[in-house]
Amino acid sequence: MVTRHVDLRSDTVTKPTEAMRVAMANAEVDDDVLGADPTAYRLESEMAKLMGKEAALFVPSGTMANLISVMVHCDVRGSEVILGDNCHIHVYENGGISTIGGVHPKTVKNKPDGTMDIAEIEAAIRHPNGELYYPSTRLICLENTHANSGGRCISVEYTDKVGEIAKRHGLKLHIDGARIFNASIALGVPVHRLVQAADSVSVCLSKGLGAPVGSVIVGSKSFITKAKRLRKTLGGGMRQVGVLCAAALVALRENVKKLEDDHRKAKILADGLNQIKQLSVNMSSVETNMVYFNILDSSLISPEKICEVLEEHGVLAMPASAVSVRLVLHHQISESDINYALTCIKQAVEQIATDGSTK
């Protein structure tokens, strides 16, 4: 019988803290679709100020936040967005920018650190002379941190360079900042400076920050006015949303400072995994709260089998590829949890290897 649970599937699995539950119970609310919810207003105002932008908008999810942002910038159907081939918007958001937004993705290969080659970005921009034949480039998207690259941080210098390219060609820059506070803490750069070059940013509240629901989009006042209309169109206009925003305010004020500890614990976990001879972690890729470990002999030990055996011991993880597993730290994972998970992973690997060798 499992007596201990350590959930490392994602930083989205956190439970609301007692402070969040109290804030939700006592939240001052009104109809947000009518623009009257005071708690939503406080959250949006605080986030806009933190990010150095004019205005902000609470939305139900990061996927909706990115979809709205892309659609606002690419308001002519058949527009094109340049984005990484391994980024969240392109891989994990159900093709919404195309199926709903009518926006064509032009992918550029992501490097191992999550960036795209600057020259390749510029080369991907369509020349206006070809508008009879080609989609019109209107937007560039970055992701920070870059999840599929292991939670790697995109530097302010790189972001500024991409912003300069966008401005030079009359384009907009959107940052999928689902974990932008992780990047800010890891790089030691204030979050507003990290997104200074961006015209819009989506910020997830329910990942590293630990709120139960929601994301916030930030940008100019005119951008947010258009975003609010699209939120309604997509079914994201909710009523007494202050109940959710109250928990998000607690997360924003109390949990940002905890991210550094998440990063520290991720390095402890990664180092421990490297002590297991059948596994390997690229330590240079562990910059924030994500750890990807590779299986050296995946013909014998599959990611799916490891996760299956771990679940029997109360440790939850996710296969990331045919040869790797993803583990994500959050503020409700202790060092004791890490030690327990490492013990279970070592035992799982040994068990699978032994069972496989006797068959």
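Basis for what follows: all heavy atoms, side chains included, without hydrogens, waters or symmetry-related copies.
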S98 side chain to V103 backbone, donor-acceptor under 3.5 Å = yes
key: E287 (side chain) donor-acceptor with C153 (main chain) under 3.5 angstrom   = yes
ask   = What is the distance from atom OG1 of T99 to atom CG of N94, rounded to the nearest 0.5 Å?
value = 6.5 Å
request  = Measure the OG-CG distance between S324 and L279 for me, rounded to the nearest 0.5 Å.
outcome  = 11.0 Å
ask   = Would D261 and K265 pass as an ion pair if we require N to O under 4.0 Å?
value = yes
Exercise: identify the closest heavy-atom pair between S280 and L296 = CB-CD2, 3.7 Å
message = Do E93 and D176 have side chains that approach each other closer than 4.5 Å (heavy atoms only, starting at C-beta)?
response = yes
request  = May I have the step-by-step check of side-chain contact (heavy atoms from CB on, under 4.5 Å) for T17 and Q332, ending in yes or no?
outcome  = CA-CA 9 Å; T17 63; Q332 291 174 342; 4.2 Å; yes
key: Heavy-atom check, side chain of T288 versus side chain of D262, under 4.5 Å   = no
task = Check whether any side-chain heavy atom of Y41 sits under 4.5 Å from a side-chain heavy atom of D30, and report yes or no.
result = no
query = Hey, does V349 have a side-chain heavy atom less than 4.5 Å from the side chain of I301?
reply = yes
inquiry  = Check for me, please, whether L57 and V203 land in the same ILVMFWY cluster - side-chain distances under 4.5 Å, paths through other members count.
reply    = no
task = Apply side-chain contact (heavy atoms from CB on, under 4.5 Å) to the pair K267 and V286, showing each step before the final yes or no.
result = CA-CA 7 Å; K267 290 178 174 62; V286 185; 4.2 Å; yes
ask   = Distance-only, no hydrogens or angles: does the E44 side chain make a donor-acceptor pair with backbone N or O of F58 under 3.5 Å?
value = yes
ask   = Do E122 and K161 sit within salt-bridge range, that is, some charged N less than 4.0 Å from a carboxylate O?
value = no
ask   = Does the pair R239/D31 count as a salt bridge with the N-to-O cut at 4.0 Å?
value = yes
query = Are side-chain heavy atoms of Q351 and V309 found at a separation under 4.5 Å?
reply = yes
ask   = Got a donor-acceptor contact below 3.5 angstrom from the S220 side chain to the F223 backbone?
value = yes
inquiry  = Testing the basics here: between N110 and C87, what is the closest heavy-atom pair and its distance to 0.1 Å?
reply    = OD1-N, 3.5 Å
request  = Determine, stepwise, if the pair R4 / S336 fulfils side-chain hydrogen bond (donor to acceptor under 3.5 Å, both in side chains).
outcome  = CA-CA 11 Å; R4 184 165 187 169; S336 175; 2.7 Å; yes
ask   = Once you round to the nearest 0.5 Å, how far does SG of C307 lie from CG of L316?
value = 9.0 Å
ask   = Checking side-chain contact (heavy atoms from CB on, under 4.5 Å) for the pair M71/I100: CA distance, chi angles, key distance, verdict?
value = CA-CA 9 Å; M71 289 177 67; I100 298 172; 4.3 Å; yes
task = Is it possible for you to say whether V218 and L50 belong to one hydrophobic cluster, with membership spreading through side-chain heavy-atom contacts below 4.5 Å?
result = yes
Heavy-atom pair of closest approach, residues V189 and S184 = O-OG, 2.5 Å
query = When rounded to the nearest 0.5 angstrom, what distance separates NZ in K109 from CG in N86?
reply = 8.0 Å
query = Out of curiosity, does L329 fall in the hydrophobic cluster containing L187 (side-chain heavy atoms, cut-off under 4.5 Å, transitive links)?
reply = no
ask   = Side chains of S222 and T225: do they bring a donor and an acceptor to under 3.5 Å?
value = no
ask   = Would D32 and R231 pass as an ion pair if we require N to O under 4.0 Å?
value = yes
query = Do you know the tightest heavy-atom contact between M64 and G235?
reply = CE-C, 4.4 Å
note = d(M238 CE, K232 NZ) to nearest 0.5 Å is 11.5 Å
ask   = Is E143 reaching over with its side chain to a backbone N or O of A147, donor-acceptor style, under 3.5 angstrom?
value = yes
ask   = Can you list the residues that meet the ring pair (Phe, Tyr, Trp, His ring centres under 6.0 Å) rule with H313, with sequence neighbours excluded?
value = none
request  = Look at the side chain of D199 and the backbone N and O of K172, then say whether any donor-acceptor pair between them is shorter than 3.5 Å.
outcome  = no
Within 6.0 angstrom of Y340 OH, more than 12 heavy atoms from elsewhere = yes
task = May I have all residue pairs that pass side-chain hydrogen bond (donor to acceptor under 3.5 Å, both in side chains) and include part of residues 45-64, sequence neighbours excluded?
result = E46-R253
message = Could you check whether any side-chain heavy atom of F181 comes within less than 4.5 Å of a side-chain heavy atom of L259, counting everything from C-beta outward?
response = yes
task = Using a 4.5 Å cut-off on heavy atoms from C-beta on, say whether the side chain of L83 contacts that of I140.
result = no
query = Got a salt bridge between R42 and D37, using NZ or NE/NH1/NH2 to carboxylate O under 4.0 Å?
reply = no
key: Passing option when V59 is tested against L230, I68, V216 for side-chain contact (heavy atoms from CB on, under 4.5 Å)   = I68
inquiry  = Tell me the closest heavy-atom pair linking A248 and A211, and the distance in Å.
reply    = CA-CB, 3.9 Å
remark   = Nearest heavy-atom contact between Y158 and L142 is CE2-CD2, 3.9 Å
message = Can you confirm whether Q240 is buried at CD, in the sense that more than 12 heavy atoms of other residues, nucleotides or ligands lie under 6.0 Å from that atom?
response = yes
message = Looking at R229, I want to see if its CZ is surrounded by more than 12 non-hydrogen atoms of other residues, nucleotides or ligands under 6.0 Å.
response = no
inquiry  = Would a single hydrophobic cluster contain both L43 and M51, if residues Ile, Leu, Val, Met, Phe, Trp and Tyr are joined by side-chain heavy-atom contacts under 4.5 Å?
reply    = yes
message = Is it the case that the side chain of T107 and the backbone of D85 share a donor-acceptor pair, with hydrogens and angles ignored and the cut-off at 3.5 Å?
response = no
request  = Please check if the side chain of Q275 supplies one atom and the backbone of D271 the other of a donor-acceptor pair under 3.5 Å.
outcome  = yes
ask   = Are H263 and N182 linked by a side-chain donor-acceptor pair shorter than 3.5 Å?
value = yes
query = Run the side-chain contact (heavy atoms from CB on, under 4.5 Å) check on L269 and L327 step by step: do they pass?
reply = CA-CA 9 Å; L269 177 60; L327 306 172; 3.7 Å; yes
Qualifying side-chain hydrogen bond (donor to acceptor under 3.5 Å, both in side chains) pairs, either residue in residues 67-83, two or more places apart = H73-S200, S79-R138, E80-H104, E80-R126
ask   = So, do I125 and I82 sit near enough that their side-chain heavy atoms are less than 4.5 Å apart?
value = yes
message = Same cluster or not: I345 versus V325, using hydrophobic residues (I, L, V, M, F, W, Y) connected whenever any side-chain heavy atoms lie under 4.5 Å apart?
response = yes
Qualifying residue for side-chain hydrogen bond (donor to acceptor under 3.5 Å, both in side chains) with R179, from D11, T145, N144 = D11
message = Can you confirm whether the side chains of H88 and N66 place a donor and an acceptor under 3.5 Å from each other?
response = no
message = Less than 4.0 angstrom from a charged side-chain N to a carboxylate O is my criterion; do R9 and D7 meet it?
response = yes
query = Looking at OG of S202 and CD1 of I89, how far apart are the two atoms once the value is rounded to the nearest 0.5 Å?
reply = 6.5 Å
